[in-house]
Each structure stands twice: as structure tokens, then as C-alpha cells.
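From a predicted model like this one, the values you see are computed outputs, not experimental measurements. Just so you know, ligand 1 is whichever comes first in the structure, and atom 1 is the first atom listed for that ligand.
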Amino acid sequence: MSDVTHTPPAPEISLAAYTTLRLGGPAGTLTTAVHTDEAVAAVRAATAAGRRLLVLAGGSNVVIGDDGFDGEVLLLRTRGIEVAGEDDSGVLVRVAAGEPWDDFVSYAVTNGLSGVECLSGIPGAAGSTPIQNVGAYGQEVAHTIEAVHAYDRRADEIRVMTPAECRFGYRTSVFKHDDRYLVTAVDFRLARAHESAPIRYAELARELGGSAGDRVPLGHARDTVLKLRAGKGMVLDPEDRDTWSVGSFFTNPVVPAAFFATLGEMPHWPGADGSVKIPAAWLIEHAGFPKGFAGDGVAISGKHTLALTNRGAGTTSALLDLARTIRDGVHARFGVELHPEPVLIDCAI
Ligand SMILES: Cc1cc2nc3c(=O)[nH]c(=O)nc-3n(C[C@H](O)[C@H](O)[C@H](O)COP(=O)(O)OP(=O)(O)OC[C@H]3O[C@@H](n4cnc5c(N)ncnc54)[C@H](O)[C@@H]3O)c2cc1C
């Protein structure tokens with residue numbers, strides 16, 4: 001019996017059921033794949049038929065238009081974590097693309113493998129983490145990814161891509177905004193250690209009662225990150241509408257130092273290349289958009305200024321109206337352009 005199911009969705013089954021925002025209209029067709037070869041076959045079939053393709057895993061970084069996606073939606077549900085090797089430089093762990101990310105982090109922490117503990121509690125699947133080089137609390141997956149296994153639609157072959165080929169940047173990579181590749185698995189190089197990598201993020205170091213550069217037991221790092229995240233509505237909780245979001249809706253803007261000097265006092269992180277990164281949450285609040293600021297059935301989270309949430313009766317169009325209002329308000333106040341972090345599917349701001 002095949003593990004692939006092709007389901008033309010009934011009109012009442014919309015893509016909203018597959019996104020953490022609980023927004024988005026119907027799919028053309030919906031295919032669920034639990035094995036990698038089935039996922040590749042589905043992508044190949046869509047390519048051959050000239051059909052548009054949308055890969056969805058956790059649906060936690062997509063905003064899908066109210067009219068839905070008139071093409072093939074592939075729900076990736078492959079699972080698996082295996083040790084692929086070990087040497088002096090660490091343990092190589094291969095993770096299937098559909099494996100829930102936090103299950104992998106929990107596995108690493110439980111097995112004394114260090115390098116991803118500060119990425120605890122991030123929703124979505126492991127194979128989605130290279131797409132935007134997922135990061136939080138001073139770690140990003142580019143620090144530990146050794147290779148990305150991907151089906152290349154253009155060449156019709158499976159490739160093993162190096163970090164350089166992935167072109168990781170701040171919340172971006174070669175994979176973002178491009179449907180050329182289906183990520184099938186990711187290799188992480190982790191250190192065999194019971195202590196965390198040095199803590200880089202000041203807020204986390206403070207919460208741990210130490211300072212930046214400290215190492216703490218892996219479990220302690222994970223628990224503390226989960227606690228900090230929960231306080232900001234950044235751990236999924238179906239009962240808490242402050243978590244019905246895509247996490248941060250905007251990236252932190254990066255501006256040239258000369259322009260930054262004209263802006264006046266504000267928190268910032270100086271970059272190595274003379275650029276300056278500014279916290280988008282600070283700009284949004286100081287442009288007059290506090291936590292809880294509401295649109296039509298949507299609102300800024302009551303716990304985090306960067307999260308735009310569906311309060312239950314929202315629509316994608318209302319969410320994007322709110323995003324536009326905030327973006328334009330920040331631009332009018334500071335002259336700084338905010339850019340959305342999630343992938344917008346058949347909709348735009
Ligand atoms: C409450 C909350 C907190 C969050 N916190 C963070 C955070 O701290 N840091 C952070 O970086 N992000 C954060 N996010 C965003 C999101 O969780 C991550 O970007 C996550 O990696 C998305 O995974 P997903 O499986 O849900 O991807 P999806 O939303 O399913 O897909 C996202 C994009 O990747 C593509 N894609 C997915 N899988 C594949 C694949 N195998 N091959 C090719 N393309 C693929 C999709 O087509 C889509 O374009 C948060 C989101 C929420 C809701």
C-alpha cells in the first residue's frame with residue numbers, strides 16, 4: 001500500500017488547517033508524503049505536469065492568501081534522526097526534512113550533543129530550518145549545518161549541498177523564495193558535550209544568572225530558552241492566540257552606519273561590515289504600535305511586538321493590512337524600511 005495520499009481538498013478543508021496562523025484558502029490538490037522518495041516523486045510529477053508546487057511542513061513561516069494556492073501542495077511528513085558518523089570534530093546527525101525541529105533539539109540535549117540547545121521551542125520541521133537559516137538566542141542553524149540534502153528540480157537529481165552553496169545569511173539562504181529545491185534531509189555537526197555552546201545572547205545569559213561566554217548544562221539552557229520563549233508567546237500553544245502567528249513578522253532592519261547615525265538614540269547591534277542592525281520591535285513600539293494593537297480580527301501579540309496574530313476571526317487580507325499599517329508607520333517615523341520574514345504565498349504587502 002502506498003503511503004502517499006492525494007486528496008483534492010473539500011471546499012471546507014482549507015490550508016488554514018496547516019498553518020500556525022490558521023489562515024489561508026484552499027489548495028488545488030494536497031499530497032502527504034511520509035517517505036523521502038514519495039516526496040521527490042510528488043515534486044517530479046508536479047514539475048512534469050507544469051503544476052505550481054508549494055512545499056509545506058509545519059506551516060509556521062508562511063502567509064497564504066485568502067484565495068488559497070491553485071496548485072500542488074506537498075505536506076512533508078518524513079521522519080527520522082540517525083547518527084551518520086563521529087570523529088574528533090563531533091557527531092554528525094542526519095535528520096529527515098519532516099522531523100519536527102524541537103524533537104530533534106530534545107534528542108540532541110538528551111543525548112549530550114551540543115550546538116542547537118538555544119534553538120529549543122522553534123516550531124516547524126528540521127528540513128525547513130536551512131530555508132531561512134533559523135536562529136534565536138545567539139545560535140543559528142548555519143553554525144551547525146554540515147550539509148543539506150536536496151532534490152534539485154532543475155537538474156532532476158539529489159544533491160548534497162555544502163554550507164557555502166546554501167549561501168546562509170541573516171534569515172535567508174539560497175532556498176528562500178525559490179521552489180527549485182526540495183530539502184530532503186539535513187546533516188548537523190554537533191559537539192559531544194554535556195554543556196551548551198558558549199552563551200552569546202545577553203538576555204539568556206542574564207536569565208541563566210551568568211554572563212555571555214558561559215557554558216551551562218544542556219538541559220538548563222533548553223529549559224531556560226523554553227521559559228523565555230513561552231513568556232513571549234513564541235512556543236506554540238493552541239489555547240493561546242498570542243501564538244497564532246509566524247513568530248516575528250518582520251526581520252530586524254540592517255542599515256548603513258552613516259544612515260544609522262542620523263536616527264538618534266536607539267538600541268542596536270553593530271555589524272562586522274560597518275552596517276547596523278536595529279530591533280524591529282523597538283521601532284514598531286516607538287512608531288506608536290504597542291502590544292495588542294488591533295486590526296480586523298488580527299492584532300499585535302499581547303506578549304511580543306514583532307508577532308502579528310490571528311485572534312480567531314482574522315483573514316490574511318486583514319493581517320496584511322495590519323502589517324502595511326505598521327510598515328508604513330515605521331517608515332514615516334524613522335525612514336526605515338521593514339521587510340516581512342515569512343514567505344508570502346499568493347499574497348503581498
Ligand atoms: C511561535 C513561533 C515562533 C517562531 N520563532 C522563530 C525563531 O525564534 N527563529 C526563527 O528563525 N524562526 C522562528 N519562527 C518561524 C518558523 O518557525 C521557522 O522559520 C521554521 O523553520 C519554519 O518551519 P516550517 O516547517 O513551519 O516551515 P513552513 O512554514 O512549512 O515553510 C516555510 C517555507 O519553507 C519552504 N519549505 C519548507 N520545508 C521545505 C523543504 N523541505 N524543502 C524546500 N522548501 C521547504 C516552504 O515552501 C515555505 O516557503 C517562529 C514561528 C512561530 C509560529
Chemist: Answer yes or no: does an N/O atom from Pro123 fall short of 3.5 Å to an N/O atom of ligand 1?
Modeler: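 Such a contact does occur with ligand 1.
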
Chemist: Given that the side chain starts at C-beta and the backbone is N, CA, C, O, which of these parts of Val343 lies under 4.0 Å from ligand 1, counting heavy atoms, or is it both or neither?
Modeler: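 The answer is the side chain.
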
Chemist: Could you tell me if any non-hydrogen atom of Arg171 lies under 4.0 Å from any atom of ligand 1?
Modeler: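 Judged by the 4.0 Å heavy-atom criterion, Arg171 does count as contacting ligand 1.
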
Chemist: Consider every N or O of Ala57 and every N or O of ligand 1, then say whether any pair is closer than 3.5 Å.
Modeler: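 Between Ala57 and ligand 1, an N or O pair is found under 3.5 Å apart.
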
Chemist: Verify the distance criterion only: is there a donor paired with an acceptor across the side chains of Ser196 and Glu117 at less than 3.5 Å?
Modeler: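 Judged by distance alone, the side chains do not pair up.
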
Chemist: With nothing but distance in play, are any N or O atoms of Ser128 less than 3.5 Å from an N or O of ligand 1?
Modeler: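 Ser128 vs ligand 1: N/O contact under 3.5 Å present.
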
Chemist: Hey, is Tyr181 one of the residues with a heavy atom under 4.0 angstrom from ligand 1?
Modeler: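 Contact present.
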
Chemist: Before signing off on this row, confirm whether Gly247 and ligand 1 have an N or O atom pair separated by under 3.5 Å.
Modeler: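 No, there is no polar N/O contact under 3.5 Å.
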
Chemist: Can you check whether Ser60 has an N/O within less than 3.5 Å of an N/O in ligand 1?
Modeler: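 Min N/O separation from ligand 1 is below 3.5 Å for Ser60.
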
Chemist: What about Leu54: any of its N or O atoms under 3.5 Å from an N or O on ligand 1?
Modeler: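 In fact, backbone or side chain, Leu54 has no N or O that close.
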
Chemist: Any idea which atoms of ligand 1 are less than 4.0 Å away from a heavy-atom of Ala125?
Modeler: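 Once the distances to Ala125 are compared, the set is 23 (O), 24 (P), 25 (O).
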
Chemist: Geometry only, no angles: is Gln132 polar-contacting ligand 1 at N/O separations under 3.5 Å?
Modeler: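 Yes, since at least one N or O of Gln132 sits under 3.5 Å from an N or O of ligand 1.
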
Chemist: For atom 14 (N) of ligand 1, find the nearest protein heavy atom and state the residue, atom name and distance (0.1 Å precision).
Modeler: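 I find the closest protein heavy atom is Val246 O, 4.0 Å.
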
Chemist: Please confirm whether Arg229 comes under 4.0 Å of ligand 1, counting heavy atoms of the residue only.
Modeler: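 Yes; Arg229 lies near enough to ligand 1 that a heavy-atom distance drops under 4.0 Å.
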
Chemist: Can you tell me how far the NE2 atom of His177 sits from the CD1 atom of Ile131, to the nearest 0.5 Å?
Modeler: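 One finds 11.0 Å between NE2 of His177 and CD1 of Ile131.
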
Chemist: Under the salt bridge (Lys or Arg N to Asp or Glu O under 4.0 Å) rule, what do Asp242 and Arg311 come out as? Steps first, then yes or no, please.
Modeler: CA-CA 8 Å; Asp242 279 337; Arg311 307 317 291 183; 3.0 Å; yes

Chemist: Could you tell me whether the side chains of Arg153 and Thr47 share a donor-acceptor contact shorter than 3.5 Å?
Modeler: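 Side-chain D/A pair, Arg153 to Thr47: present.
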
Chemist: May I ask you to check if ligand 1 and Val183 share an N or O to N or O distance below 3.5 Å?
Modeler: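 Yes, there is a polar N/O contact under 3.5 Å.
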
Chemist: Checking Arg229 against Tyr137: is there a side-chain donor and acceptor pair closer than 3.5 Å?
Modeler: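 Side-chain D/A pair, Tyr137 to Arg229: absent.
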
Chemist: May I ask you to decide whether Arg222 forms a salt bridge with Asp102, counting only side-chain N to carboxylate O separations under 4.0 Å?
Modeler: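 Yes, this pair counts.
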
Chemist: Can you tell me which portion of Ala136 lies within the under-4.0 Å heavy-atom range of ligand 1? Options are side chain, backbone, both, or neither.
Modeler: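 The side chain, only.
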
Chemist: Ring centres of Tyr201 and Trp269 under 6.0 Å apart?
Modeler: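 No, ring centres 6.0 Å or more apart.
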
Chemist: Just by modelled atom types, is the Leu190 backbone N or O under 3.5 Å from a matching donor or acceptor in the Thr144 side chain?
Modeler: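 No, Thr144 side chain to Leu190 backbone: no donor-acceptor pair under 3.5 Å.
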
